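Hydrogens, waters and symmetry mates are skipped; everything else that's a heavy atom, side chains included, is used. Note that the coordinates shown come from a computational prediction; the quantities given were computed from them, not determined experimentally. Sequential numbering from 1 along the given sequence is applied to the chain's residues.
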Amino acid sequence: MKTILFAIALPIEFKIIKQYFIENKPINFKVDFVLTWVWNLSTIYNLKDYLDKKQKPDFLVNIWVCWKSNWWNDDLFQVYKIKNLSNFKEAISPVYIDFLELKKIICSEEVLTSNEKMQNYQYVDMESFWFDYVASKEKIPYIIIKKPFDEVWDNSKKLSLKDLENSLKNIDFELLLQKISEYLENNKPILEERELDKFKK
C-alpha cells in the first residue's frame with residue numbers, strides 16, 4: 001500500500017488535517033503525519049529525522065500558511081518556484097500533480113514586516129525552500145500547498161488560530177488524493193519488487 005506523508009508546521013494545522021483523515025480514511029493509501037514546526041532549521045531537522053527513522057513515503061504533501069502582500073488574494077495555491085532570501089538561490093519545484101494555481105514564493109529566515117523586503121514577490125514563508133531541498137535530495141515526489149493567511153505588515157507576527165482553523169477546512173483532500181493516485185499509478189517502477197525477485201531467479 002502506498003504511503004502519503006503530510007508534513008505540517010503548526011499543531012493547529014496538524015489537528016485539522018489529521019482529523020479529516022480520521023473521519024475519511026482512504027482505502028488505497030496509508031496516511032502519516034510529521035509535525036515540523038516553524039522555521040527553516042526545524043523543517044530540515046524534523047523532516048529528515050522522520051525520513052531516516054521510518055520508511056520513506058511514496059509522496060510528500062506540505063501544507064502551511066504564508067504571508068501575502070496586502071493587494072493579493074487569499075486563495076490556496078501550489079508552489080512552483082521559490083527564492084531564498086538568505087542566499088538568493090532559487091528552486092524550481094517540479095509539478096508532479098496539477099492541483100491548484102501555480103505561484104512563486106519567497107522564503108525568509110525571519111518574519112517580514114515590510115513589503116519592501118519581498119523583492120516584488122507576492123507571498124512569503126519561512127520553510128518552503130528547505131522542504132523542497134530535503135524532498136529533492138531524498139528523491140520523493142511532493143507538492144507544496146500554501147494558504148495566504150495574513151498580510152506582511154507591522155503585526156505580521158500575530159496569528160488568529162481560529163481563523164487559521166477555518167481557512168484550512170476548504171482544502172479538497174478528496175481531489176488531492178485522486179491526483180496523487182493518478183500520478184503514482186502512471187509512474188510505477190518498471191519492475192515491481194516481487195517481479196524483480198522472480199526475474200533474478
Exercise for review: State, yes or no, whether a side-chain contact exists between Val134 and Thr43 at a heavy-atom distance under 4.5 Å.
Suggested key: no
Practice item. Please list, chain by chain and in numerical order, all residues satisfying side chain to side chain contact (heavy atoms under 4.5 Å, CB included) with Leu102, sequence neighbours excluded. Key: Gln78, Tyr80, Val95
Review point. Just by modelled atom types, is the Leu177 backbone N or O under 3.5 Å from a matching donor or acceptor in the Ser181 side chain?
Key: no
Check your understanding: Taking a hydrophobic cluster as the set of Ile, Leu, Val, Met, Phe, Trp and Tyr residues connected by side-chain heavy atoms closer than 4.5 Å, whether directly or through intermediates, do Ile171 and Phe131 fall within one such cluster?
Key -> yes
Quick one: side chains of residues 20-35, donor-acceptor pairs under 3.5 Å with protein atoms, not counting sequence neighbours, listed by atom name and distance.
from  : atom 1 : to    : atom 2 : distance (Å)
Glu23 : OE2    : Gln19 : NE2    : 2.8
Asn24 : ND2    : Tyr20 : O      : 2.9
Asp32 : OD2    : Tyr50 : OH     : 2.6

Point to revise | CD1-CG distance between Ile144 and Asp132, expressed to the nearest 0.5 angstrom | key: 5.5 Å
**Study point:** 4.5 Å side-chain heavy-atom contact, Leu85 and Gln119
**Key:** yes
Check your understanding: With side chains defined as the heavy atoms from C-beta onward, is the minimum distance between Cys66 and Ile105 less than 4.5 Å?
Key -> yes
Practice item. Would you mind checking if Lys179 and Asp98 are paired as a salt bridge, meaning a charged N to carboxylate O distance below 4.0 Å? Key: no
Check your understanding: In Å and rounded to the nearest 0.5 Å, what is the OG to CG distance from Ser128 to Asn62?
Key -> 8.0 Å
Review point. Can you tell me how far the NZ atom of Lys104 sits from the CD atom of Gln122, to the nearest 0.5 Å?
Key: 6.0 Å
Check your understanding: Any side-chain heavy atom of Val61 within less than 4.5 Å of one from Tyr142?
Key -> no
Practice item. Flag yes if Ile145 and Ile92 sit in one hydrophobic cluster, no otherwise; membership is Ile, Leu, Val, Met, Phe, Trp, Tyr, and two members link when side-chain heavy atoms are under 4.5 Å apart. Key: no
Review point. Excluding sequence neighbours, so at least two apart, what forms ring-ring contact (aromatic ring centres under 6.0 Å, His included) with Tyr183?
Key: Phe59, Tyr96
**Study point:** Atom pair CZ (Phe173) and CD1 (Ile17), whose distance is rounded to the nearest 0.5 Å
**Key:** 4.5 Å
Review point. Heavy atoms, side chains only, cut-off 4.5 Å: are Leu51 and Pro57 in contact?
Key: yes
Practice item. May I ask you to test the Lys147-Trp64 pair for a side-chain heavy-atom distance under 4.5 Å? Key: no
Check your understanding: Do the non-hydrogen side-chain atoms of Asn40 and Met126 ever get within less than 4.5 Å of each other?
Key -> no
Exercise for review: Output, in order, the C-alpha distance, side-chain angles, deciding distance and verdict of side chain to side chain donor-acceptor pair (under 3.5 Å) for Asn46 and Asp49.
Suggested key: CA-CA 5 Å; Asn46 289 309; Asp49 185 58; over 6 Å; no
Check your understanding: At their closest point, which heavy atom of Ser93 faces which heavy atom of Ile82, and how far apart are they?
Key -> OG-CD1, 3.7 Å
Check your understanding: Any side-chain heavy atom of Leu5 sitting closer than 4.5 Å to one from Leu47?
Key -> yes
**Study point:** Set of residues satisfying ring-ring contact (aromatic ring centres under 6.0 Å, His included) with respect to Phe77, sequence neighbours excluded
**Key:** Tyr123
Point to revise | Linked, directly or transitively: Phe14 and Tyr45 (ILVMFWY side chains, under 4.5 Å) | key: no
Review point. Within a reach of under 6.0 Å around OH of Tyr133, are more than 12 heavy atoms found that belong to other residues, nucleotides or ligands?
Key: no
Check your understanding: Is a side-chain N or O of Asp58 found less than 3.5 angstrom from the main chain of Thr3, in a donor-acceptor match?
Key -> yes
Exercise for review: Give a yes or no on whether Asn120 atom CG has more than 12 heavy-atom contacts from other residues, nucleotides or ligands under 6.0 Å away.
Suggested key: no
Study note, to complete from the structure: Separation between CD1 (Ile143) and CD1 (Ile97), nearest 0.5 Å, reads 4.0 Å
Check your understanding: Any salt bridge (Lys or Arg N to Asp or Glu O under 4.0 Å) pairs touching residues 77-88, not counting sequence neighbours?
Key -> Lys81-Glu90
**Study point:** From CD (Glu185) to NZ (Lys2), nearest 0.5 Å
**Key:** 9.0 Å
Point to revise | Shortest non-hydrogen contact between Cys107 and Asn84, atoms and distance | key: O-OD1, 3.4 Å
Revision key, fill the gap. Residues 133-144 vs salt bridge (Lys or Arg N to Asp or Glu O under 4.0 Å), sequence neighbours excluded, gives Lys48-Glu138, Lys56-Glu138
